[in-house]
Protein chains: 2
Amino acid sequence: MNFNTEFVNKLRISGLRPTKQRIKICEILFNREKTFHFTINDLSKMISEKLNEKISLATIYNTIHAFKKKGYLKEISINSDKSYFDTNTSIHHHFYDEDTNQLIDCNEDDINEVKINNNLTGKKINSVEVLIKVASDNQNQN
Amino acid sequence: MNFNTEFVNKLRISGLRPTKQRIKICEILFNREKTFHFTINDLSKMISEKLNEKISLATIYNTIHAFKKKGYLKEISINSDKSYFDTNTSIHHHFYDEDTNQLIDCNEDDINEVKINNNLTGKKINSVEVLIKVASDNQNQN
DNA sequence: ATACTTATTATAATAATTCTAAACTATTGA
DNA sequence: TCAATAGTTTAGAATTATTATAATAAGTAT
């Protein structure tokens with residue numbers, strides 16, 4: 001069986017040409033059970049480890065941004081040194097482990113519903129993100 | 001009346017030497033009624049506009065980080081291209097206007113209380129931040 | 001004042017990201 | 001099928017935000 005067909009079709013449907021590079025990146029990102037959180041650097045490393053061919057950094061950036069634009073990825077704002085991306089594009093929130101720099105999905109029962117009263121005239125809400133920063137419970141308070 | 005005395009004392013109490021540069025930055029940041037949201041670049045521009053003397057970028061970064069460490073500023077995570085700082089260090093949340101790149105404080109009645117059920121063993125919650133991204137209500141969707 | 005410690009500065013270094021322009025590849029339609 | 005075209009990839013340069021360095025300057029305690 002050929003996994004690629006699925007991604008080829010999805011890419012084509014989205015108006016993105018199914019190139020070798022995009023298909024490879026799809027396989028890495030979307031052939032998995034669980035949500036995947038990654039930085040461009042993470043992804044870049046995985047590509048060079050798992051693939052024989054290389055994909056240039058510029059292409060990785062282009063592809064990730066194209067996927068984000070099409071709604072297949074969400075970008076998560078953490079401390080402003082890096083961008084994190086999330087294959088789970090549904091509305092959900094995150095824990096961020098400051099010790100390990102890892103993002104963890106927040107389940108529905110981890111947080112109550114966040115309701116916003118939008119008073120800003122002429123503005124609509126595009127997203128609501130909750131970020132819960134956690135760290136080890138030891139007393140090493142910096 | 002000499003505004004400086006106040007900041008000189010506060011700096012000294014915090015274990016920070018009250019230097020000319022730090023006092024100037026205090027005046028810009030804390031001599032105001034309302035919360036102030038800014039980037040390093042914003043602040044840097046304000047300094048060169050309002051002051052005769054210049055303060056080097058490195059000093060601005062050092063000072064802002066020192067103030068943050070002492071709890072006089074909060075850092076806010078937006079899209080990862082820039083760091084935003086906030087003179088309001090209480091627990092509160094933000095609207096971010098994607099048209100103007102401006103942060104707006106969320107009042108208590110704009111949002112319900114966010115309650116977290118922390119299941120992560122050995123981890124304690126350091127912060128909970130809600131960021132509500134808004135944009136103009138026109139149909140210019142990108 | 002003197003010695004000591006800490007801060008400031010210009011500059012270089014780093015890191016993430018975007019830009020550029022040439023080479024390449026998928027698609028279209030004759 | 002094959003050339004024309006439109007979209008992609010690529011290496012490398014450029015940009016931007018931020019941090020590091022190491023010399024100079026300025027507070028502070030004695």
Side-chain angles (χ1 to χ4, degrees), chain A residues 4-5 7-28 37-48 51-70 73 75-85 101 142, chain B residues 4-5 7-26 28 37-48 51-70 72-73 75-85 101 103:
Chain A
N4 291 3
T5 316
F7 295 125
V8 169
N9 289 337
K10 285 198 176 167
L11 285 167
R12 234 191 288 267
I13 287 163
S14 315
L16 296 171
R17 285 192 181 168
T19 64
K20 229 173 32 207
Q21 293 86 342
R22 284 171 176 170
I23 294 164
K24 287 290 177 193
I25 291 174
C26 279
E27 286 172 350
I28 289 175
H37 300 112
F38 63 96
T39 64
I40 295 288
N41 190 39
D42 294 337
L43 180 55
S44 176
K45 269 187 199 154
M46 292 180 72
I47 290 170
S48 47
L51 263 57
N52 297 15
E53 317 110 84
K54 294 198 162 88
I55 300 181
S56 83
L57 242 195
T59 299
I60 297 174
Y61 273 100
N62 288 342
T63 302
I64 294 310
H65 286 140
F67 288 1
K68 182 192 167 190
K69 206 167 205 168
K70 295 297 177 184
L73 291 173
E75 192 169 359
I76 314 292
S77 314
I78 317 283
N79 281 318
S80 58
D81 50 343
K82 261 176 212 148
S83 272
Y84 281 75
F85 294 90
N101 296 321
N142 188 23
Chain B
N4 291 3
T5 316
F7 295 126
V8 169
N9 289 338
K10 284 198 178 168
L11 285 166
R12 233 192 287 270
I13 287 163
S14 314
L16 297 170
R17 285 190 180 169
T19 64
K20 231 174 30 210
Q21 293 86 343
R22 284 172 176 169
I23 293 163
K24 287 290 177 194
I25 291 174
C26 279
I28 290 175
H37 299 112
F38 64 95
T39 63
I40 294 287
N41 191 37
D42 295 337
L43 179 57
S44 175
K45 270 188 197 149
M46 294 180 71
I47 290 170
S48 47
L51 262 58
N52 296 16
E53 317 111 82
K54 294 199 163 86
I55 300 181
S56 83
L57 242 195
T59 298
I60 297 174
Y61 273 100
N62 288 341
T63 301
I64 294 309
H65 286 140
F67 288 2
K68 183 191 166 192
K69 207 167 204 167
K70 294 297 178 184
Y72 301 136
L73 291 172
E75 191 168 0
I76 314 292
S77 315
I78 318 283
N79 282 319
S80 57
D81 50 341
K82 262 176 210 145
S83 271
Y84 281 75
F85 294 89
N101 295 323
L103 270 176

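Only heavy atoms go into these numbers, but all of them, side chains included; no hydrogens, no water, no symmetry mates.
Considering only side-chain N and O atoms, B:His65 lies under 4.0 angstrom from the phosphate OP1 or OP2 of D:dT19. In this model, the phosphate group of C:dT18 is not approached by any side-chain N or O of A:Tyr61 to a distance below 4.0 Å at OP1 or OP2. The side chain of B:Arg12 places no N or O atom within less than 4.0 Å of a non-bridging phosphate oxygen (OP1 or OP2) of D:dG27.
At distances below 3.5 Å, at least one donor-acceptor pair connects side-chain atoms of A:Arg22 with backbone N or O atoms of A:Arg17.
In this structure, the CG atom of A:Asn101 is 15 Å from the C1' atom of C:dA15, given to the nearest Å. B:Ile23 has its CD1 atom 14 Å from the P atom of D:dA26, to the nearest Å. As rounded to whole Å, 13 Å separates atom C1' of D:dT15 from atom CG of B:Asn41. The distance from atom CD of A:Glu53 to atom P of C:dC24 is 17 Å, rounded to the nearest whole Å. The distance from atom CD1 of A:Ile78 to atom P of C:dA15 is 20 Å, rounded to the nearest whole Å. Spacing between atom CD1 of A:Ile60 and atom P of D:dT8 amounts to 17 Å, rounded to whole angstrom units. C:dA26 atom P lies 16 Å from atom CG of A:Asn9, rounded to whole Å. One interatomic measurement links the two molecules: CG of A:Leu57 to P of D:dA14, which rounds to 18 Å at whole-angstrom precision.
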Sequence neighbours excluded and cut-off under 3.5 Å, please list the side-chain donor-acceptor pairs for residues 54-68 of chain B, or say none.
| unit_1 | atom_1 | unit_2 | atom_2 | d |
| --- | --- | --- | --- | --- |
| B:Ser56 | OG | B:Thr59 | N | 3.3 |
| B:Ser56 | OG | B:Thr59 | OG1 | 3.2 |
| B:Asn62 | ND2 | B:Ala58 | O | 3.3 |
| B:Thr63 | OG1 | B:Thr59 | O | 2.8 |
| B:His65 | ND1 | B:Tyr61 | O | 3.2 |
| B:Lys68 | NZ | B:Glu75 | OE1 | 2.7 |

Output one line per pair: protein atom, nucleotide atom from nucleotides 11-14 of chain C, and distance, for all N/O pairs under 3.5 Å.
none

Which pairs, protein N/O on one side and nucleotides 1-8 of chain C N/O on the other, fall under 3.5 Å?
| unit_1 | atom_1 | unit_2 | atom_2 | d |
| --- | --- | --- | --- | --- |
| C:dT5 | O2 | B:Arg17 | NH1 | 3.0 |
| C:dT5 | O2 | B:Arg17 | NH2 | 3.1 |
| C:dT6 | O4' | B:Arg17 | NH1 | 3.1 |
| C:dT6 | O4' | B:Arg17 | NH2 | 3.2 |
| C:dA7 | OP1 | B:Arg22 | NH1 | 3.1 |
| C:dA7 | OP1 | B:Arg22 | NH2 | 3.1 |
| C:dT8 | OP1 | B:Thr19 | OG1 | 2.5 |
| C:dT8 | O3' | B:Gln21 | NE2 | 2.7 |

At a cut-off of 3.5 Å, list every protein nitrogen or oxygen paired with a nitrogen or oxygen from nucleotides 2-4 of chain D, distance to 0.1 Å.
none

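For the residue pair B:Tyr72 and B:Lys10, the shortest heavy atom distance occurs at OH-O, 4.2 Å. Taking both residues in full, the closest heavy atoms of B:Leu11 and B:Pro18 are given as CD1-CA, 3.8 Å, listed atom of the first, atom of the second, then distance.
A distance of 7.0 Å separates CG in B:Asp42 from OH in B:Tyr84, rounded to the nearest 0.5 Å. A distance of 9.5 Å separates CG of A:Asn101 from OG1 of A:Thr39, quoted to the nearest 0.5 Å. Note: A:Phe38 CZ to A:Leu43 CG = 5.5 Å, rounded to the nearest 0.5 Å. Of the inter-residue distances, the one linking A:Ile25 atom CD1 with A:Lys20 atom NZ reads 12.0 Å to the nearest 0.5 angstrom. Distance check, rounded to the nearest 0.5 Å: NZ of B:Lys69 to CG of B:Leu16 gives 10.5 Å. The distance from atom OG1 of B:Thr19 to atom CD of B:Gln21, rounded to the nearest 0.5 Å, is 4.5 Å.
If you check the side chains of A:Ser44 and A:Asn41, you find no donor sitting under 3.5 Å from an acceptor.
Within 4.0 Å (heavy atoms only), B:Thr39 reaches no atom of the nucleic acid at all.
With sequence neighbours excluded, no residue forms a salt bridge (charged side-chain N to carboxylate O under 4.0 Å, His left out) with A:Lys24.
Relative to the axis of its first five pairs, the axis of the last five pairs of the helix from C:dA1-D:dT30 to C:dA30-D:dT1 sits at 30°, rounded to 10 degrees.
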